[in-house]
Undergrad: 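Here it is, the structure in full.
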Amino acid sequence: MDVKKVLCMVGGTSQTSYAANSTIPKKAILKIRPMLEEAVREIYRNLHPEKMAVADLGCSSGPNTLTVLSEVIKIISNQCQKAGQQPPEIQFFLNDLYNNDFNNIFQSLDQVGQSVGAEEGTISVPHFVAGLPGSFYGRLFPLQSVQFFHSSFSLMWISQVPKDIGDKKNGMPLNKGNIYIGKTSPTLVAKLYQEQFHRDFSQFLKLRCDELVPCGQMLLSFLGRNKNDILDGELSTIWGLVAESLDSMVLEGLVEEENLDTFNLPFYAPSAEEVDAIVNLQGLFDIIHFQTFESNMDPFNDLDGDVVLDNVQSGANCAKVLRSVLEPMIASHFGSAIVDDLFSRFATHAAKHLLKEKLKLPVLALSLKKKEYT
Ligand code: SAH
């Protein structure tokens with residue numbers, strides 16, 4: 001699988017689109033707004049730039065990237081208002097892979113102008129927006145040209161499925177029956193995924209460090225793992241339910257076994273300790289804040305604990321979220337004919353699971369500052 005060509009969320013604004021199903025990251029963005037505020041304020045206070053370059057990496061096609069953009073504008077506007085200073089001009093870059101539906105974002109850009117300009121007594125901040133297609137595992141900007149990087153719910157997508165996962169052992173595919181690290185995966189599979197994430201995340205840090213101005217900052221949030229057991233993380237449970245759904249289709253002859261055997265996700269959910277260790281090993285950034293929290297996979301269930309009032313409805317809600325993320329990759333590997341059936345099976349499997357426990361999405365959020373002498 002060539003991730004750069006295949007990975008994208010469902011474009012457009014239909015019911016199954018990412019735009020219509022992205023409230024989980026939205027809630028996370030608002031939850032960590034204080035981290036965003038502190039980072040942007042500090043950049044402004046320390047650097048007093050006349051112009052600022054700000055990039056959202058993995059912006060996708062939904063409204064969340066525009067929320068980030070307008071929050072940054074509001075923070076700068078308030079800061080300038082208080083200090084009685086002229087606002088800087090901000091150049092925003094919205095980055096994602098080549099298949100992303102950038103047009104959908106561009107079409108809603110005028111709403112940002114309205115929401116930002118709507119508050120009375122605020123200073124208006126001149127800003128410009130550009131789309132930037134390309135992988136964040138490669139260089140995206142000239143050296144030392146960016147003040148602030150933001151990335152939400154993107155860095156758990158790795159640059160490739162670890163190469164050797166497709167190998168066979170005694171004629172059996174190494175990761176038989178799984179599409180990610182699962183309870184029945186050999187520990188080698190977990191190790192290969194872990195090493196791929198380590199390489200990718202290190203590379204990401206190195207590249208962003210090159211592109212940031214001295215004392216530039218980043219705010220990164222992505223899915224991770226709270227459970228200790230790498231074979232039994234929260235995301236392993238969710239991807240396990242997808243694997244079960246696909247397997248049931250193999251048993252009924254609707255999906256070729258060979259196709260399932262060759263499907264593994266370019267995804268890795270790290271623990272906070274792993275992320276912390278990689279940042280420290282690289283030595284390019286200071287971690288300013290590191291926060292972890294959990295979101296429910298059902299965006300309409302905000303109840304704490306494991307209470308699920310209607311497991312069937314909740315299973316359907318989870319399936320909708322998942323489909324908006326996974327459909328393009330599933331369609332490209334298995335063909336679009338299986339999509340409706342697959343996600344309706346997932347809803348059923350998820351509903352059954354929800355009788356035992358909720359499906360949880362652990363989120364890791366960290367703000368980082370480029371060290372002065374890098
Ligand atoms: N930031 C948005 C979207 C998250 S969806 C939000 O919070 O709602 C994750 C996005 O990351 C997808 O659009 C996917 O295409 C993008 N992505 C994954 N790997 C990427 C890469 N290597 N380079 C750029 N974008 C990537």
Side-chain angles (χ1 to χ4, degrees), residues 6-28 60-64 101 153-154 156-157 177-183 223 232-252 254-255 259-260 263-267 269 294-303 306-363:
V6 173
L7 183 59
C8 65
M9 309 294 106
V10 177
T13 52
S14 73
Q15 275 210 356
T16 59
S17 67
Y18 182 76
N21 290 284
S22 50
T23 47
I24 298 170
K26 165 119 190 184
K27 283 186 202 163
S60 195
S61 55
N64 295 343
D101 187 357
F153 279 58
S154 301
M156 64 281 179
W157 293 107
N178 298 294
I179 60 169
Y180 176 60
I181 304 164
K183 277 190 197 140
L223 296 181
D232 190 23
E234 293 81 352
L235 269 304
S236 294
T237 304
I238 293 168
W239 297 134
L241 293 170
V242 179
E244 263 179 56
S245 312
L246 283 164
D247 201 41
S248 70
M249 297 180 83
V250 169
L251 291 176
E252 290 173 35
L254 300 168
V255 165
N259 263 352
L260 177 52
F263 185 67
N264 286 290
L265 291 170
F267 181 98
E294 273 183 342
S295 292
N296 289 325
M297 190 181 177
D298 174 356
F300 300 105
N301 184 340
D302 282 330
L303 301 169
D306 260 324
V307 184
V308 178
L309 296 176
D310 179 346
N311 68 312
V312 173
Q313 182 59 50
S314 194
N317 295 345
C318 293
K320 239 179 130 218
V321 169
L322 193 75
R323 180 173 180 160
S324 74
V325 172
L326 218 51
E327 177 170 348
M329 218 186 305
I330 292 285
S332 138
H333 189 86
F334 297 97
S336 47
I338 74 155
V339 169
D340 285 340
D341 193 356
L342 173 66
F343 289 101
S344 110
R345 283 169 197 248
F346 175 86
T348 309
H349 282 109
K352 217 166 116 195
H353 184 93
L354 290 166
L355 292 173
K356 284 189 292 176
E357 59 170 6
K358 274 186 187 167
L359 293 169
K360 297 271 176 63
L361 298 169
V363 181

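None of these values were measured; they are calculated from a predicted model. Along the sequence shown, residues are numbered consecutively beginning with 1.
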Undergrad: Taking all atoms of both residues into account, what is the closest heavy-atom pair of K27 and P299, and its distance?
TA: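 Smallest interatomic distance, heavy atoms only, reads NZ-O, 2.8 Å.
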Undergrad: Is the side chain of S314 donor-acceptor paired with the backbone N or O of D310 at a distance under 3.5 Å, no angle test?
TA: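 Side chain of S314 to backbone of D310: no pair is present.
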Undergrad: Roughly how far apart are F153 CZ and S22 OG, rounded to 0.5 Å?
TA: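 So the gap between those two atoms works out to 10.5 Å.
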Undergrad: Indicate yes or no: does D340 engage R323 in a salt bridge with an N to O separation below 4.0 Å.
TA: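 A salt bridge is present here (some side-chain N lies under 4.0 Å from a carboxylate O).
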Undergrad: Give the C-alpha distance, both sets of side-chain angles, the deciding distance and a yes or no for side chain to side chain contact (heavy atoms under 4.5 Å, CB included) between M297 and L322.
TA: CA-CA 9 Å; M297 190 181 177; L322 193 75; 3.8 Å; yes
Undergrad: Determine whether L326 and V10 satisfy the following criterion, side chain to side chain contact (heavy atoms under 4.5 Å, CB included), listing intermediate values before the conclusion.
TA: CA-CA 8 Å; L326 218 51; V10 177; over 6 Å; no
Undergrad: What are the two closest heavy atoms between A351 and N311, and how far apart are they?
TA: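 Result for this residue pair: O-ND2, 2.8 Å.
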Undergrad: Distance-only, no hydrogens or angles: does the N21 side chain make a donor-acceptor pair with backbone N or O of Q15 under 3.5 Å?
TA: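 Such a contact is found between N21 side chain and Q15 backbone.
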Undergrad: Considering only heavy atoms from C-beta outward, does the side chain of P25 approach that of Y18 to under 4.5 Å?
TA: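 They are in contact (side-chain heavy atoms under 4.5 Å apart), so the answer is yes.
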Undergrad: Please check: side-chain N/O of N296 versus main-chain N/O of D298, any donor-acceptor pairing under 3.5 Å?
TA: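 Not a single qualifying donor-acceptor pair exists.
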Undergrad: Rounded to the nearest 0.5 Å, what separates atom CG in N317 from atom CG in L354?
TA: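 Output value for this atom pair is 9.5 Å.
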Undergrad: Working to the nearest 0.5 angstrom, can you tell me the gap between L241 CG and F346 CZ?
TA: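 Rounded to the nearest 0.5 Å, the CG-CZ separation comes out at 5.0 Å.
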Undergrad: Report the distance from atom CH2 of W239 to atom CG of L265, rounding to the nearest 0.5 Å.
TA: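 It is 5.5 Å, given to the nearest 0.5 Å.
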Undergrad: Roughly how far, to the nearest 0.5 Å, is NZ of K26 from CG of N64?
TA: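 Taking CG in N64 and NZ in K26, the distance rounds to 6.5 Å.
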Undergrad: If only atom types and distance count, is the side chain of D101 paired as donor or acceptor with the main-chain N or O of S61 below 3.5 Å?
TA: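 Not at all, since once roles are kept as given, no pair shorter than 3.5 Å links the two residues.
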Undergrad: When the ring planes of H333 and F263 are compared, do they come out parallel, tilted or perpendicular, using 30° and 60° as the limits?
TA: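 Rings of H333 and F263: tilted, 30 to 60°.
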Undergrad: Does S17 reach the main-chain N or O of A20 with its side chain, forming a donor-acceptor pair under 3.5 Å?
TA: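 Between the backbone of A20 and the side chain of S17 there is a qualifying donor-acceptor contact (under 3.5 Å).
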Undergrad: Flag the pair L246 / F334 as yes when at least one side-chain heavy-atom distance between them is below 4.5 Å, and no otherwise.
TA: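 In contact.
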Undergrad: Taking NZ, NE, NH1 and NH2 as the nitrogens, is one of them in E294 or K360 under 4.0 Å from a carboxylate oxygen of the other?
TA: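 Yes, charged N to carboxylate O under 4.0 Å.
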Undergrad: One pair to check against side chain to side chain contact (heavy atoms under 4.5 Å, CB included): T237 and H353. What are the steps and the verdict?
TA: CA-CA 9 Å; T237 304; H353 184 93; 3.4 Å; yes
Undergrad: Once you round to the nearest 0.5 Å, how far does SG of C8 lie from CD of E327?
TA: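 Separation between the atoms: 9.5 Å.
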Undergrad: For the residue pair R345 and S248, confirm or rule out a side-chain donor-acceptor distance under 3.5 Å.
TA: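 Side chains of R345 and S248: pair found under 3.5 Å.
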Undergrad: Kindly give the heavy-atom pair with the smallest separation between N178 and A243, and that separation in Å.
TA: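 Here N178 and A243 meet closest at CA-CB, 4.4 Å.
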Undergrad: Check V325 against P328 and note the closest heavy-atom contact, atom names and distance.
TA: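 Minimum heavy-atom separation between V325 and P328: O-CD, 4.0 Å.
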Undergrad: Are any of the side-chain heavy atoms of L235 and L361 separated by less than 4.5 Å?
TA: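 Yes, at least one pair of side-chain atoms sits under 4.5 Å.
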